[in-house]
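Working notes for the structure below.
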2 protein chains.
Amino acid sequence: MKKIKLSSTNQINKNYLEDICMGAYALGIIGSRWKLSIFFYLKDRPMRFSELKQSLGSITERMLALNLAEMERDKLLTRIVFAEVPARVIYELTPIGKALTSVWDQLGSWGRQHKDFLLTNVSDG
Amino acid sequence: MKKIKLSSTNQINKNYLEDICMGAYALGIIGSRWKLSIFFYLKDRPMRFSELKQSLGSITERMLALNLAEMERDKLLTRIVFAEVPARVIYELTPIGKALTSVWDQLGSWGRQHKDFLLTNVSDG
DNA sequence: TAAGGAGCTTACAAAATTGTAATCATGAAA
DNA sequence: TTTCATGATTACAATTTTGTAAGCTCCTTA
């Protein structure tokens with residue numbers, strides 16, 4: 001999937017934090033660049049690879065495939081392949097994946113609050 | 001604070017996502033390695049630099065100072081300096097910072113759920 | 001005058017993430 | 001037999017994040 005150096009201080013710190021803090025653990029699973037947005041689209045309905053690619057606009061096929069593979073590995077979604085040609089593959093959130101919805105909504109709500117707050121307090125440069 | 005290349009595809013994608021998705025925006029502010037744990041300690045009470053350093057165990061002074069500075073810039077916390085020698089500085093969450101508490105709790109709760117789920121479904125290698 | 005403690009800051013290096021471009025497998029259809 | 005579309009994978013490069021080690025600035029006390 002990707003090569004990481006297990007013995008690096010970086011990894012050791014990451015593991016330590018994910019061990020003592022479930023929030024850090026959760027972010028380790030879903031905190032990378034595109035995953036939140038992939039989730040955002042899939043929460044309404046299953047979508048196929050090309051649909052996601054188009055919806056996400058500027059994502060590359062590599063990043064999309066990589067993120068989907070990690071999300072499948074982490075049981076956030078299910079990959080369903082139809083034996084057709086050309087290939088058809090759909091991605092669907094699992095129950096544990098869907099369970100993120102309310103957390104995401106809350107996080108987004110906090111984000112909006114924070115953005116508004118910064119706009120209101122225009123005193124900073 | 002840190003040098004980023006504003007014209008990179010990386011930055012452009014980041015900005016784009018943070019623009020259309022408030023969750024991504026929120027993660028941009030609080031999603032890095034140590035911030036969650038710093039928050040975790042500060043939510044109970046203000047703490048000084050050295051206390052945080054000790055609590056976080058393996059964090060370096062550089063990373064702690066860097067993260068605290070970013071969190072201050074983003075109005076998550078307030079830095080209070082006492083005119084003493086040796087210096088005494090305490091860090092305290094702002095209201096908007098504290099408002100993250102319930103989101104974090106929920107995220108952590110999801111994380112635990114997810115971890116348990118993986119342990120229960122031991123069928124994967 | 002030297003040492004010391006708290007809270008940083010700096011230059012540098014390692015590691016991880018993200019992006020680019022090219023290629024691949026399938027099997028139907030031209 | 002070549003072409004086509006979909007859903008990838010690969011080798012590589014750029015960018016960003018994280019860590020290392022040293023030093024700096026107060027002012028106080030020895």
Side-chain angles (χ1 to χ4, degrees), chain A residues 1-18 24 27-38 46-54 56-72 77 79-91, chain B residues 1-18 24 27-38 47-54 56-72 79-91:
Chain A
M1 192 83 69
K2 61 190 173 186
K3 299 158 208 159
I4 53 169
K5 187 168 177 180
L6 293 170
S7 64
S8 69
T9 308
N10 192 322
Q11 269 318 295
I12 291 170
N13 286 342
K14 183 166 189 274
N15 292 338
Y16 166 70
L17 289 174
E18 295 190 356
L27 281 193
I29 292 179
I30 44 171
S32 71
R33 174 71 45 87
W34 298 96
K35 283 179 186 166
L36 201 48
S37 304
I38 290 172
M47 286 174 85
R48 47 194 302 194
F49 188 89
S50 51
E51 280 183 299
L52 280 168
K53 187 183 163 206
Q54 200 193 322
L56 289 164
S58 47
I59 198 172
T60 61
E61 296 193 339
R62 170 169 143 68
M63 289 317 283
L64 182 53
L66 189 60
N67 279 290
L68 288 171
E70 288 177 357
M71 289 171 85
E72 188 194 12
L77 52 77
R79 183 169 172 272
I80 303 166
V81 184
F82 294 86
E84 301 175 2
V85 168
R88 183 158 71 99
V89 179
I90 67 169
Y91 293 89
Chain B
M1 193 84 65
K2 61 191 172 187
K3 298 158 205 158
I4 52 169
K5 188 169 176 181
L6 294 169
S7 64
S8 71
T9 308
N10 191 322
Q11 267 319 293
I12 291 169
N13 285 342
K14 183 165 190 277
N15 292 338
Y16 166 70
L17 288 174
E18 295 190 355
L27 281 193
I29 292 178
I30 44 171
S32 70
R33 171 71 45 86
W34 299 96
K35 283 180 187 167
L36 201 47
S37 304
I38 291 173
M47 286 174 87
R48 49 195 302 193
F49 189 89
S50 50
E51 280 184 298
L52 281 168
K53 187 183 163 207
Q54 200 194 321
L56 289 164
S58 46
I59 198 171
T60 61
E61 296 193 339
R62 170 171 143 66
M63 289 317 283
L64 182 54
L66 189 60
N67 279 289
L68 288 171
E70 287 177 357
M71 289 171 85
E72 187 192 13
R79 183 169 173 273
I80 303 167
V81 185
F82 293 86
E84 303 175 359
V85 167
R88 183 159 69 98
V89 179
I90 68 171
Y91 294 89

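Within every chain, numbering begins at 1; the chains are lettered A, B, ... in the order of the sequence lines, protein sequences first and strands thereafter.
Within a 6.0 Å radius of CD in A:Gln54, other residues, nucleotides and ligands contribute 12 heavy atoms or fewer.
When all heavy atoms are compared, the tightest approach of B:Glu51 to B:Arg48 is OE1-N, 2.8 Å. Heavy atoms only, all atoms of each residue included: A:Ile12 and A:Leu6 are closest at CG1-O, 4.3 Å. Heavy atoms only, all atoms of each residue included: B:Trp34 and B:Leu56 are closest at CZ3-O, 4.1 Å. When every heavy atom of A:Ser58 is checked against every heavy atom of B:Asn13, the shortest pair comes out as OG-OD1, 3.0 Å.
For the atom pair A:Leu27 CG and B:Leu27 CG, the distance stands at 6.0 Å (nearest 0.5 Å). Distance check, rounded to the nearest 0.5 Å: CD1 of A:Ile38 to CG of A:Leu77 gives 8.0 Å. Rounding to the nearest 0.5 Å gives a distance of 11.5 Å between CD1 of A:Ile90 and CZ of A:Arg79.
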Just list the side-chain donor-acceptor pairs under 3.5 Å for residues 64-71 of chain A, sequence neighbours left out, or say none.
{"unit_1": "A:Asn67", "atom_1": "OD1", "unit_2": "A:Ser32", "atom_2": "OG", "d": "3.4"}
{"unit_1": "A:Asn67", "atom_1": "ND2", "unit_2": "A:Met63", "atom_2": "O", "d": "2.8"}
{"unit_1": "A:Glu70", "atom_1": "OE1", "unit_2": "A:Lys35", "atom_2": "NZ", "d": "2.6"}

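In this structure, the CD atom of A:Glu51 is 11 Å from the P atom of D:dT6, given to the nearest Å. Between the P atom of D:dT6 and the CG atom of A:Leu64 lies a distance of 14 Å, rounded to the nearest Å. Summarising the geometry, the separation between CG on A:Leu68 and P on D:dG7 is reported as 11 Å, rounded to the nearest angstrom.
Within the 4.0 angstrom heavy-atom criterion, only backbone atoms of the sugar-phosphate kind lie near B:Tyr91; the bases stay farther away.
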Nucleic acid footprint by protein, nucleotides 10-23 of chain D - heavy-atom cut-off 4.0 Å, B for base, S for sugar-phosphate alone: BB---SSSBBB---
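Residues that satisfy the salt bridge (Lys or Arg N to Asp or Glu O under 4.0 Å) test with A:Lys5, not counting sequence neighbours, are absent from this structure. Residues that satisfy the side-chain contact (heavy atoms from CB on, under 4.5 Å) test with A:Asn10, not counting sequence neighbours, are A:Ser8, B:Arg33.
Bracketed by its first and final contacts, the part of DNA chain C lying under 4.0 Å from non-hydrogen atoms of chain B reaches from C:dG5 to C:dT20 in 5' to 3' order.
Axis deviation across the helix from C:dT1-D:dA30 to C:dA30-D:dT1 amounts to 40°, comparing end segments of five pairs, rounded to 10 degrees.
Mapping B:Ala69 and A:Ala87 onto DNA chain C by nearest heavy atom places B:Ala69 at the nucleotide closer to the 5' end.
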